[in-house]
Number of protein chains: 2
Amino acid sequence: MQITTKTGYAVRALSELVLSSDGKPVSMSEICRKQNLPIKYIEQLFRKLKKKEIIKSIHGSRGGYLLNKPISEVSLKDIMHALDDDFSNKFCYGINAHSEYCTGFPCGFYELWDDIKNFIEDYLDSIKLEQIISRLQEKK
Amino acid sequence: MQITTKTGYAVRALSELVLSSDGKPVSMSEICRKQNLPIKYIEQLFRKLKKKEIIKSIHGSRGGYLLNKPISEVSLKDIMHALDDDFSNKFCYGINAHSEYCTGFPCGFYELWDDIKNFIEDYLDSIKLEQIISRLQEKK
DNA sequence: GCCAATTCCTACTAAATTACTATGTTATCT
DNA sequence: AGATAACATAGTAATTTAGTAGGAATTGGC
């Protein structure tokens, strides 16, 4: 559950998608040109976002991508979860379990890591694309 | 700013240090035996914790480690910060800046990442060793 | 029907990070 | 002197990250 370049790229690309779309699909090349992003990499990220139904796509010429949900219903948690398959396993389970150096599962620390995970996930879930985009527009 | 095995190990080792200490130093071998941790790895982590004055050490035979602060004054943030040098740079600066695919620094997303970083860091700073240890003891 | 534009798919890779191990050296107590 | 510790540095296998490469499949417009 890390915020990395990948997360940053996806947020930039999704924001650009929303800002550039007027109901018509926006092409990957337009998104990446406007946001200065590596197109082949973002293509891969968008395929993951599509699998989780955050965006939809239209094939062929004049095709492109569209957001599949209202901007108030797409959170940072949703995005990160789509990009990172075992996002939710990254805490105690990912840290300790199945390791030679684990003291048993669940150990005395299990609930600590779980509480932290839940707290941070809830926070990330409270940050919607809507707020991210309105922040951007305030600046202009 | 990730919670990884490293963080988990450090928390286990520090908790064991606190629980095993009755004013006298606790040796690395005792800590690692009781918590089933890889000793040479934990040694390295403890050296970093010492640099940040979270623990202190006594050399030679009958030596070992002691906590250098009250358990109410050592937070998860402190521990993670000690283990990971550029902990605080891991957000926008680490994500975007100085990359070929950055749109300028600070970009429109800078404050978003910064706010998130601060929120999570404040939360991690609110979790003290004191609470972690009393959680452990409740279970017994 | 053909061509261009576009998404979709798989495989590869260089660099960095993680989670260690190995091999000592130095300091202190008895 | 010898045992017991902390301290230090270097190496390394596995994994992840952040991409690149090369193409296949799909659709709109002429």
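Proteins come first, then strands; the chains are lettered A, B, ... in the order of their sequence lines, and each starts at number 1. Below, each value reflects all heavy atoms present in this structure, side chains not excepted, and no hydrogens, waters or symmetry copies.
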**Item:** Any A:Thr5 side-chain nitrogen or oxygen under 4.0 Å from OP1 or OP2 of D:dT17
**Value:** no
**Request:** For D:dG19, take OP1 and OP2 only and decide whether either is under 4.0 Å from a side-chain N or O of A:Tyr9.
**Result:** yes
**Message:** Can you see if the side chain of B:Tyr41 gets near the phosphate of C:dA22 - specifically, an N or O under 4.0 Å from OP1 or OP2?
**Reply:** no
**Item:** Residue pair A:Ile116 / A:Leu112, side-chain heavy-atom distance below 4.5 Å
**Value:** yes
**Message:** Between B:Ile39 and A:Lys40, which residue's closest nucleotide on DNA chain D lies nearer the 5′ terminus?
**Reply:** B:Ile39
**Request:** Using a strict 4.0 Å threshold on nitrogen-to-oxygen distance, state whether B:Arg135 and A:Asp115 make a salt bridge.
**Result:** yes
**Prompt:** Near B:Gln131 CD, under 6.0 Å, is it more than 12 heavy atoms from other residues, nucleotides or ligands?
**Reply:** yes
**Complete:** To the nearest 0.5 Å, atom CE of B:Met28 lies from atom CG of B:Leu37 at 9.0 Å
**Prompt:** Is the shortest side-chain N/O distance from A:Tyr101 to OP1 or OP2 of C:dT18 below 4.0 Å?
**Reply:** no
**Request:** Check the distance between C:dA16's P and A:Lys6's NZ and give it to me in whole angstrom.
**Result:** 18 Å
**Request:** May I ask you to test the A:Ile127-A:Ser75 pair for a side-chain heavy-atom distance under 4.5 Å?
**Result:** no
**Request:** With a 4.0 Å heavy-atom cut-off, tell me which residues in residues 43-52 of chain A come close to DNA chain D, sorted by residue number.
**Result:** A:Gln44
**Asked** Can you check whether A:Leu17 reaches A:Ile55 side chain to side chain, under 4.5 Å on heavy atoms?
**Response** yes
**Complete:** Here the distance between atom C1' of D:dT17 and atom CG of A:Asp84, to the nearest Å, is 11 Å
**Item:** Atom-to-atom span, CD1 of B:Ile42 to P of D:dA5 - whole angstrom
**Value:** 17 Å
Using a cut-off of under 3.5 Å, enumerate the N/O to N/O pairs linking the protein to nucleotides 2-6 of chain C.
from: C:dA5; atom 1: N3; to: A:Ser61; atom 2: N; distance (Å): 3.4

**Prompt:** Does a nitrogen or oxygen in the side chain of A:Gln2 sit under 4.0 Å from OP1 or OP2 of D:dT17?
**Reply:** yes
Please report, to 0.1 Å, the donor-acceptor pairs under 3.5 Å made by any side chain of residues 43-54 of chain A, with sequence neighbours excluded.
from: A:Lys48; atom 1: NZ; to: A:Leu83; atom 2: O; distance (Å): 3.4
from: A:Lys50; atom 1: NZ; to: A:Ser57; atom 2: OG; distance (Å): 3.0

**Prompt:** CG of A:Leu17 versus P of C:dT7: gap in Å, rounded?
**Reply:** 11 Å
**Prompt:** Where do A:Trp113 and B:Gly8 come nearest, in terms of heavy atoms and distance?
**Reply:** CZ2-CA, 3.7 Å
**Prompt:** Would you call B:Glu30-B:Lys34 a salt bridge at under 4.0 Å N-O?
**Reply:** yes
